[in-house]
Amino acid sequence: PGMGKTAFALNIATHVAKLGKKVVVIDSDESNYGLHRQLGMELPRDFTVFFGGKEKAFGEMVATNFSPIFFKGELVAFVGNLAHHVDVGGKVPGSLTPDATEIFHEGICFPPVKIKKEGKVDPEIFAMFRSNIRTKYESSGDLMAQIAANNVGEKRFEELCDEMGVEVVLEAIAELENYCDRRMGAELEKLPKGTFEFEDFLEGDGITTTDPLKIKVTITTGGPHIKIDFTGTCPQVRGPLNCVRPMALACIYYVVRAVTDPTIPPNSGTYRRFEVITPEGSLVNAVYPAATGSGNSITCQRLVDVLLG
């Protein structure tokens, strides 16, 4: 707590920013969920926070779980995972529908809730999840696998603290982030200096308009920093092509790592020097309850194209 996001799997590029954003929601007073205030200072010693189905802040058809890691009674870290599920409810099987006009068409919306308490899965929350999805057997198994993955992560982190000492582990985490920051800063120094603009279009939103939907970006480089500004991008649309900010961040992180040094481990330090502007209410930072089901599969692809120019 108070630190950034330390380590991510690299399986799917669009998940890097989103999983990190969920940690911020858990550990921030600014969370619109009020989870930080809900948990308060008296955190239970064994629980798992579950973001289920279609999460309003992240636009994902996923289930996400976070668990706190305590060492000798002190909260030292969180471990988490996210997974796409075959179905999270909504108006059609599979939950993704091209005619969605609001997030409620795309699946059940869960706020963060404690699905595991004192080592036991809450049967009422689990039943509510099952009763709102079509693939009860498959998704129940997937959700339990996610909880089990967190259990392993907690155990391994505690073992590391036992072996090395918690102070050494936390110092190493901070230094890893600083190390990645230094490496990224050196790479950004190598980029051509200047201000560069590019724009491209999507062919309507599939619902209310066939007019081109502009995605515009202005990138400013020079020195060990980079600024990415999506001002000029069209407003959010009624159809499901909207992105939320973490989707746009994921595209930026992917592209910058691809054109600099992909061997730099992704964590908070890696992206410390990025200034990103995503105008609220635009196609790249849609506000609730915008439909976002095709934001990943369609709009994010075009975002990468625009960033690469």
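Values in this document were obtained by computation on a predicted structure and should not be read as measured data.
Note that the OG atom of Ser294 and the CG atom of Leu241 stand 5.5 Å from one another [nearest 0.5 Å]. To the nearest 0.5 Å, atom CD1 of residue Ile207 and atom CG of residue Asp205 are 6.0 Å apart. In this structure, the separation between SG on Cys180 and CD on Glu175 is 9.5 Å, given to the nearest 0.5 Å. Atoms CD and OG1, from Glu189 and Thr260 in turn, are 13.0 Å apart once rounded to the nearest 0.5 Å. Note that SG of Cys243 is 7.0 Å distant from CG of Asn296, once rounded to the nearest 0.5 Å. Once rounded to the nearest 0.5 Å, the distance linking NZ of Lys72 with SG of Cys161 reads 9.5 Å.
Remark: side-chain polar atoms of Asp142 are not paired, donor with acceptor, to backbone N or O of Ala145 under 3.5 angstrom. Formation of a donor-acceptor pair under 3.5 Å by the Thr233 side chain with backbone atoms of Phe230 is found in this model. Checking side-chain atoms of Ser95 against main-chain N and O of Val88 turns up a donor-acceptor pair under 3.5 Å. Checking side-chain atoms of Asn150 against main-chain N and O of Gly153 turns up no donor-acceptor pair under 3.5 Å. Judged purely by atom type and a 3.5 angstrom limit, Asp122 has no side-chain atom pairing as donor or acceptor with the backbone of Ile115. Distance alone, capped at 3.5 Å, is enough to place a donor-acceptor pair between the Asp87 side chain and the Arg134 backbone. Checking side-chain atoms of Glu138 against main-chain N and O of Val86 turns up no donor-acceptor pair under 3.5 Å. Judged purely by atom type and a 3.5 angstrom limit, Thr101 has no side-chain atom pairing as donor or acceptor with the backbone of Arg238. For the pair Asn65 (side chain) and Gln146 (backbone), a donor-acceptor distance under 3.5 Å is absent. The backbone N or O of Ile215 lies less than 3.5 Å from no partner atom in the side chain of Arg302, so there is not a single donor-acceptor pair.
By the 4.0 Å N-to-carboxylate-O rule, Glu177 lies too far from Arg182 to be salt-bridged with it. Asp99 has a carboxylate O that lies under 4.0 Å from a charged side-chain N of Lys91, or vice versa, which qualifies the two as a salt bridge. Using a 4.0 Å cut-off between charged nitrogen and carboxylate oxygen, Glu158 and Lys155 do not count as a salt-bridge pair. Comment: Asp261 engages Arg183 in a salt bridge, judged by a side-chain N to carboxylate O separation of less than 4.0 angstrom.
Of all non-hydrogen atoms in Phe274 and Thr270, the two that sit nearest each other are CE1-O, 3.8 Å. Between Ala100 and Pro240 the shortest heavy-atom distance is O-CD, 3.4 Å. Shortest non-hydrogen contact noted between Pro266 and Arg257 is CD-NH2, 4.1 Å. Across every non-hydrogen atom of Phe201 and Glu203, the tightest pair is O-OE2, 3.7 Å. Contact between Ile103 and Cys109 at its shortest, heavy atoms only, is CG2-SG, 4.2 Å. Ser67 and Glu154 get closest at one heavy-atom pair: CB-OE2, 3.3 Å.
Looking only at side-chain heavy atoms (C-beta outward), Ile147 and Val121 come within less than 4.5 Å of each other. Side-chain contact between Ser282 and Pro235 is absent, with no heavy atoms from C-beta onward closer than 4.5 Å. Proximity of Val276 to Arg245: side-chain heavy atoms (C-beta onward) are separated by under 4.5 Å at one or more points. At a threshold of 4.5 Å between non-hydrogen side-chain atoms, the residues Ile219 and Leu307 count as touching. Taking 4.5 Å as the limit, some side-chain heavy atom of Leu188 sits within range of a side-chain heavy atom of Leu191. Looking at heavy atoms from C-beta onward, Leu160 lies out of side-chain contact with Arg156 at the 4.5 angstrom threshold. Taking the side chain as every heavy atom from C-beta outward, Asn151 and Lys116 approach each other to under 4.5 Å. Using a 4.5 Å heavy-atom cutoff, the side chains of Thr208 and Val237 are not in contact.
When the side chains of ILVMFWY residues are joined at heavy-atom separations under 4.5 Å, either directly or via intervening members, Ile277 and Val284 end up in two distinct hydrophobic clusters. No chain of hydrophobic side-chain contacts below 4.5 Å, direct or via other Ile, Leu, Val, Met, Phe, Trp or Tyr residues, connects Leu283 to Val287. In the hydrophobic clustering of ILVMFWY residues, with side-chain heavy atoms under 4.5 Å counting as a link, Val92 and Phe104 come out apart. Leu176 and Ile69 are not part of a single hydrophobic cluster, where members link through side-chain heavy atoms under 4.5 Å apart. Val304 and Phe196 fall into different hydrophobic clusters, defined by Ile, Leu, Val, Met, Phe, Trp and Tyr side-chain heavy atoms under 4.5 Å apart, directly or through other members.
No hydrogens or angles considered: a donor-acceptor pair under 3.5 Å links the side chains of Arg130 and Ser140.
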For residues 220-227, which side-chain donor-acceptor pairs fall under 3.5 Å, sequence neighbours excluded?
from   : atom 1 : to     : atom 2 : distance (Å)
Thr221 : OG1    : Pro192 : O      : 2.4
Thr221 : OG1    : Gly194 : N      : 3.4
Thr221 : OG1    : Gly194 : O      : 3.4

Next item on the list: Mind running side-chain contact (heavy atoms from CB on, under 4.5 Å) on Thr218 and Ile228 for me, showing each step along the way?
Entry: CA-CA 6 Å; Thr218 302; Ile228 301 98; over 6 Å; no
Note to self: Assess the residue pair Phe71 and Asp162 against the criterion (side-chain contact (heavy atoms from CB on, under 4.5 Å)); give the C-alpha distance rounded to whole Å, side-chain angles, the decisive distance to 0.1 Å, and a yes or no.
What the structure shows: CA-CA 9 Å; Phe71 187 75; Asp162 264 327; 3.6 Å; yes
Next item on the list: Using the side-chain contact (heavy atoms from CB on, under 4.5 Å) rule, take Leu143 and Phe129 through it: C-alpha gap first, then chi angles, then the decisive distance, then the call.
Entry: CA-CA 10 Å; Leu143 183 54; Phe129 171 72; 3.7 Å; yes
Checklist line | Pair Asn285-Asn242, side-chain contact (heavy atoms from CB on, under 4.5 Å): steps then yes or no | finding: CA-CA 8 Å; Asn285 188 5; Asn242 300 292; over 6 Å; no
Notebook entry, point to check: How far apart are the C-alpha atoms of Arg273 and Glu187, what are their side-chain angles, what is the distance that settles it, and do they pass the salt bridge (Lys or Arg N to Asp or Glu O under 4.0 Å) test?
Noted result: CA-CA 11 Å; Arg273 299 170 185 267; Glu187 291 296 321; over 6 Å; no
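Residue Glu159 qualifies as enclosed at atom CD: its count of foreign heavy atoms under 6.0 Å is above 12. Dense packing is recorded around CZ of Phe157, with more than 12 heavy atoms of other residues, nucleotides or ligands lying under 6.0 Å away.
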